[in-house]
Participant: 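Here's a structure for you.
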Amino acid sequence: GNEFTIALKSNGTVWGYGLNTNGQLGNNSLENSNEPVQVIDNNGNKLQNITQIGTGTSNAIALNNSGDVYTWGLNDYIVEKEVQASDTDNTTPNTTNGNSANETTNTVTEDEAVSENILKATKVANLSNIEYVNAYKNNFYAINNNGELFVWGENYKEITKIDTAVAISKIDNELLLGENGKIYKLSDPTKSVDYINEVCDISSSENHYLALTLNGRIYSFGNNESGQLGNLTNTDSENPTLVKTSDGNILENVIEISAGKNTSMCITEDGTAYGFGNNKNSNLGITANSDSTSTDSLSSSTSSSSTTT
């Protein structure tokens with residue numbers, strides 16, 4: 001999250017540390033903490049049997065082994081508010097008050113954004129048999145065992161089921177992974193992205209996307225100002241392009257991908273980690289202190305097991 005961290009232990013408990021201005025640490029407090037504190041539920045009990053977690057900007061989501069979903073931290077949503085609106089009729093003069101028009105007052109409905117802080121992990125009602133959860137900025141996502149996608153939070157009045165073309169297995173920001181191996185966008189969930197099939201994993205930042213295929217190759221598309229698409233250019237691309245090595249060959253045998261802000265990282269079968277994109281502060285872990293438009297092996301990166309940006 002934004003200046004806070006949520007961690008899931010192997011025993012199914014959840015812990016948080018860092019910024020807590022919106023209750024995103026889930027310990028019934030608004031005090032920041034530089035040491036891990038345990039997330040508790042609405043009854044004051046320690047949150048347990050958790051199998052998956054996710055974080056947004058100032059909130060978090062968790063899934064337990066029974067398919068129940070919990071959220072805490074900043075909770076944004078939309079409510080309908082009745083307001084008074086005046087209509088002016090210029091065809092008939094109003095002789096009682098000297099005006100040349102009659103005014104009538106009507107009640108109309110407008111959407112109003114609401115924000116509240118949830119200080120403890122709260123079970124989300126009307127969701128069941130959930131198998132996957134995630135969060136991005138101020139929105140929450142959940143996918144059930146039928147591949148149905150549900151979204152709620154900022155810009156939503158309630159938990160909303162998204163009509164998709166196929167069953168969905170994963171969502172990361174704007175990108176959806178269908179169980180048919182194709183990828184879709186949340187903004188257009190019925191049309192698959194062209195030129196790419198047999199996708200097994202996805203990762204996305206705010207403005208660029210990565211897709212890992214079953215044959216161990218990475219396709220990338222979106223913004224490319226820092227070379228984060230890894231295709232040897234700085235040109236944005238609406239269509240998926242293959243990630244390449246510095247010698248122009250296609251990067252092969254990839255098993256894990258991660259997209260961050262203007263950066264991308266991945267791991268291959270032999271445990272080597274690669275980075276490409278923004279590197280002005282050496283944040284890719286490669287020796288050059290400049291952006292990289294191709295995959296570069298991270299310094300001392302062999303035997304890596306996971307990567308997060």
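Index from 1, following the sequence.
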Participant: Is it possible for you to say whether Ile61 and Leu47 belong to one hydrophobic cluster, with membership spreading through side-chain heavy-atom contacts below 4.5 Å?
Facilitator: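 Shared cluster, no.
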Participant: Can you list every salt bridge (Lys or Arg N to Asp or Glu O under 4.0 Å) pair that touches residues 189-215, not counting sequence neighbours?
Facilitator: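 Sorted result for residues 189-215: Lys137-Glu206, Lys170-Asp201, Lys191-Asp194.
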Participant: Applying the side chain to side chain donor-acceptor pair (under 3.5 Å) test to Asn224, which of Asp236, Asn231, Asn234 qualifies?
Facilitator: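 When side chain to side chain donor-acceptor pair (under 3.5 Å) is applied between Asn224 and each of Asp236, Asn231, Asn234, only Asn231 qualifies.
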Participant: What residues form a ring-ring contact (aromatic ring centres under 6.0 Å, His included) with Tyr184, not counting sequence neighbours?
Facilitator: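 By the ring-ring contact (aromatic ring centres under 6.0 Å, His included) rule, Tyr184 matches no residue at all.
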Participant: Would you kindly say whether Asn20 and Glu31 are connected by a side-chain donor-acceptor distance under 3.5 Å?
Facilitator: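 On atom types as modelled, these side chains do not qualify, holding no pair under 3.5 Å.
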Participant: Any chain of hydrophobic side-chain contacts (each under 4.5 Å) joining Ile50 to Trp72?
Facilitator: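 Yes, same cluster.
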Participant: Can you name the residues that form a salt bridge (charged side-chain N to carboxylate O under 4.0 Å, His left out) with Lys185, not counting sequence neighbours?
Facilitator: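 Lys185 satisfies salt bridge (charged side-chain N to carboxylate O under 4.0 Å, His left out) with no other residue.
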Participant: Look only at the side chain of Asn173 and the backbone of Ser205, and say whether a donor-acceptor pair between them is shorter than 3.5 Å.
Facilitator: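 Flag set: sc Asn173 to bb Ser205 pair under 3.5 Å.
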Participant: Could you grab the distance from atom CD1 of Ile202 to atom CG of Leu210, nearest 0.5 Å is fine?
Facilitator: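 Reported to 0.5 Å precision, the distance equals 10.0 Å.
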Participant: Applying side-chain hydrogen bond (donor to acceptor under 3.5 Å, both in side chains), run through His208 and Ser220 and close with a yes or a no.
Facilitator: CA-CA 7 Å; His208 82 284; Ser220 60; over 6 Å; no
Participant: If you take all heavy atoms of Ser187 and Glu174, which pair is closest and at what distance?
Facilitator: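 Heavy atoms only, the tightest pair is OG-OE2, 2.5 Å.
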Participant: For Tyr141, which residues count as a ring-ring contact (aromatic ring centres under 6.0 Å, His included) partner, sequence neighbours excluded?
Facilitator: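 With neighbours one apart ignored, the set is empty.
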Participant: How would you list all residue pairs meeting side-chain hydrogen bond (donor to acceptor under 3.5 Å, both in side chains) that involve residues 2-14, not counting sequence neighbours?
Facilitator: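 Those involving residues 2-14 are Asn11-Thr13, Thr13-Trp15.
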Participant: Rounded to the nearest 0.5 Å, what separation is found between the OG atom of Ser115 and the CG atom of Asn75?
Facilitator: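 These two atoms lie 8.0 Å from each other.
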Participant: Name every donor-acceptor pair, under 3.5 Å, that has one atom in a side chain of residues 51-58 and the other anywhere in the protein, sequence neighbours excluded.
Facilitator:
{"residue": "Thr51", "atom": "OG1", "partner": "Leu63", "partner atom": "O", "Å": "3.3"}
{"residue": "Gln52", "atom": "OE1", "partner": "Val133", "partner atom": "N", "Å": "3.0"}
{"residue": "Thr55", "atom": "OG1", "partner": "Gly1", "partner atom": "N", "Å": "3.2"}

Participant: At what distance, to the nearest 0.5 angstrom, does CG of Leu119 lie from CD of Gln24?
Facilitator: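 Output value for this atom pair is 10.0 Å.
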